[in-house]
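In this chain, numbering begins with 1 at the start of the sequence shown.
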Amino acid sequence: MKSYRRFILIFSVLMVVYIVAEVNRPRPLSWKITMSKDDKNPYGAHILFNRLYDLFPTSSIVSHREPAYNLMHENDLTNSAYLVIAPFFDIGRTDLEELLLFAEHGNYVFISAVNIGKSLMDTLGLEKQDYMELFQTDSTSLNFVNPAITADTPYNYRKFTVDSRFSELRKKDSTVILGLTQRSDP
C-alpha cells in the first residue's frame, strides 16, 4: 500500500508541474494575415495605427469601415490621406471613381493589400504575377530602393509570405517603386 502512495504522490506532483507549465506557456505566434489595427500579430497593424500620431502629429486620424464613396462624397476632404491596409482590396466602379477624384484634388491615397481587385489594377496599369517555383527557398528578402532607407541587410520573410510580384508597370512615368525582392522584382 505504501508504494502506491508514493506513486500517487509523484504522479500528482508531476501533474501539477505539467499544468502550471501549460498555463504559463507562451501562446504560439499567429501568422494569420489580418492587417487589422487591433491585431498585434506579425501581419496585424496595431503598431502602425498607434504610431500614426507620431508620423502625423498635427493630423486628425480617424478609422472608418465604410465605402470610399460614402466617406469622400459626403465630406469635403482637403489635404487628407486615405490609407487602406487590408488583406484584400476590391473596389467597385463608383468607389474607384470617387477615390480617383479624391486623389485628383491633391489628396493622398495609400493602399497596402496582398490582393488588389482587377478594376484598380487595370486603372493603375499594373499586373501581378505569383511565384510558382518547384524548389522554392525557405524565405524571401526585400529591401527599399531609396538609399536613405535601404537597410544594410535585407528584410527576410518566411516561405510563402511574399510570393508575388508586379510583372507589368504600364504607367512607368507615374509609378514609384518602393522596394525590390532578392530577384530585383518590384
Side-chain angles (χ1 to χ4, degrees), residues 29-75 77-131 139-146 148-151 154-167 169 171 174-181 185-186:
L29 198 58
S30 170
W31 288 93
K32 183 177 180 185
I33 300 174
T34 62
M35 298 186 188
S36 169
K37 68 179 180 68
D38 299 320
D39 286 340
K40 295 179 182 178
N41 62 25
Y43 291 104
H46 178 79
I47 293 173
L48 173 64
F49 182 75
N50 288 303
R51 293 282 150 250
L52 285 175
Y53 293 103
D54 295 342
L55 296 170
F56 308 104
T58 60
S59 299
S60 170
I61 298 169
V62 182
S63 176
H64 292 279
R65 295 188 69 85
E66 59 185 296
Y69 180 85
N70 294 4
L71 180 65
M72 295 169 192
H73 192 72
E74 295 170 2
N75 300 305
L77 300 173
T78 56
N79 195 25
S80 297
Y82 185 71
L83 279 74
V84 176
I85 300 174
F88 304 100
F89 185 69
D90 195 7
I91 191 167
R93 178 58 50 195
T94 307
D95 287 323
L96 179 57
E97 289 171 4
E98 195 67 30
L99 193 64
L100 294 172
L101 192 61
F102 175 78
E104 201 173 287
H105 284 105
N107 296 299
Y108 297 93
V109 177
F110 177 85
I111 300 169
S112 175
V114 177
N115 289 308
I116 298 173
K118 184 167 175 35
S119 61
L120 181 58
M121 292 286 281
D122 289 345
T123 302
L124 297 176
L126 301 172
E127 275 190 37
K128 186 180 94 161
Q129 182 180 19
D130 293 328
Y131 290 121
S139 65
T140 300
S141 63
L142 304 171
N143 210 337
F144 293 104
V145 174
N146 184 331
I149 56 176
T150 300
Y155 299 97
N156 291 313
Y157 294 88
R158 67 186 192 130
K159 187 176 182 178
F160 299 121
T161 55
V162 180
D163 58 355
S164 59
R165 66 182 180 96
F166 288 112
S167 59
L169 306 170
K171 298 181 180 181
S174 62
T175 302
V176 177
I177 296 174
L178 300 177
L180 298 172
T181 68
D185 293 327

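Among residue pairs with one or both ends in residues 78-92, none qualify as salt bridge (charged side-chain N to carboxylate O under 4.0 Å, His left out); sequence neighbours excluded. Contacts classified as salt bridge (charged side-chain N to carboxylate O under 4.0 Å, His left out) and involving residues 49-62 (residues at least two apart or in different chains) are given here: Arg51-Asp54.
Side chains of Phe166 and Ile177 form no contact here, defined as non-hydrogen atoms less than 4.5 Å apart.
Thr34 is linked by a side chain to side chain donor-acceptor pair (under 3.5 Å) to Asp39, counting only residues two or more places apart in sequence or in another chain. Every residue was checked against the side chain to side chain donor-acceptor pair (under 3.5 Å) condition with Asn70, not counting sequence neighbours, and none meets it. Annotation: side chain to side chain contact (heavy atoms under 4.5 Å, CB included) contacts of Ala151 (sequence neighbours excluded): Asn143, Tyr155. Listed by chain and number, the residues in a side chain to side chain contact (heavy atoms under 4.5 Å, CB included) with Leu29 are Trp31, Pro42 (sequence neighbours excluded). Annotation: side chain to side chain contact (heavy atoms under 4.5 Å, CB included) contacts of Leu55 (sequence neighbours excluded): Leu52. Residues meeting the side chain to side chain contact (heavy atoms under 4.5 Å, CB included) test with Val176, sequence neighbours left out: Leu178.
Side-chain atoms of Ser59 never come within 3.5 Å of backbone atoms of Ile61 as a donor-acceptor pair (strictly under, hydrogens ignored). Looking only at distances, no side-chain donor or acceptor of Asp185 sits under 3.5 Å from a matching main-chain atom of Thr181.
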Below 3.5 Å, can you tabulate the donor-acceptor pairs from side chains in residues 95-108 to any protein atom, sequence neighbours excluded?
unit_1 : atom_1 : unit_2 : atom_2 : d
Asp95  : OD1    : Tyr69  : N      : 2.8
His105 : ND1    : Leu101 : O      : 2.8
Asn107 : OD1    : Asn79  : N      : 3.0
Asn107 : OD1    : Ser80  : N      : 2.8
Asn107 : ND2    : Leu77  : O      : 3.3
Asn107 : ND2    : Phe102 : O      : 3.0

Give the table of side-chain donor-acceptor pairs shorter than 3.5 Å for residues 114-126, with sequence neighbours excluded, one pair per line with atom names and distance.
unit_1 : atom_1 : unit_2 : atom_2 : d
Asn115 : OD1    : Lys128 : NZ     : 2.6
Lys118 : NZ     : Asp122 : OD2    : 3.1
Ser119 : OG     : Ile91  : O      : 3.1
Thr123 : OG1    : Ser119 : O      : 2.8

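Here the closest heavy-atom approach between residue Ala148 and residue Asn146 is recorded as N-OD1, 2.8 Å.
The structure places OH of Tyr43 at 11.0 Å from OG of Ser30, a figure rounded to the nearest 0.5 Å. Considering NZ of Lys37 and CG of Leu48, their distance stands at 12.0 Å, rounded to 0.5 Å. With rounding to the nearest 0.5 angstrom, the CD1 atom of Ile85 is 6.0 Å from the CZ atom of Phe110.
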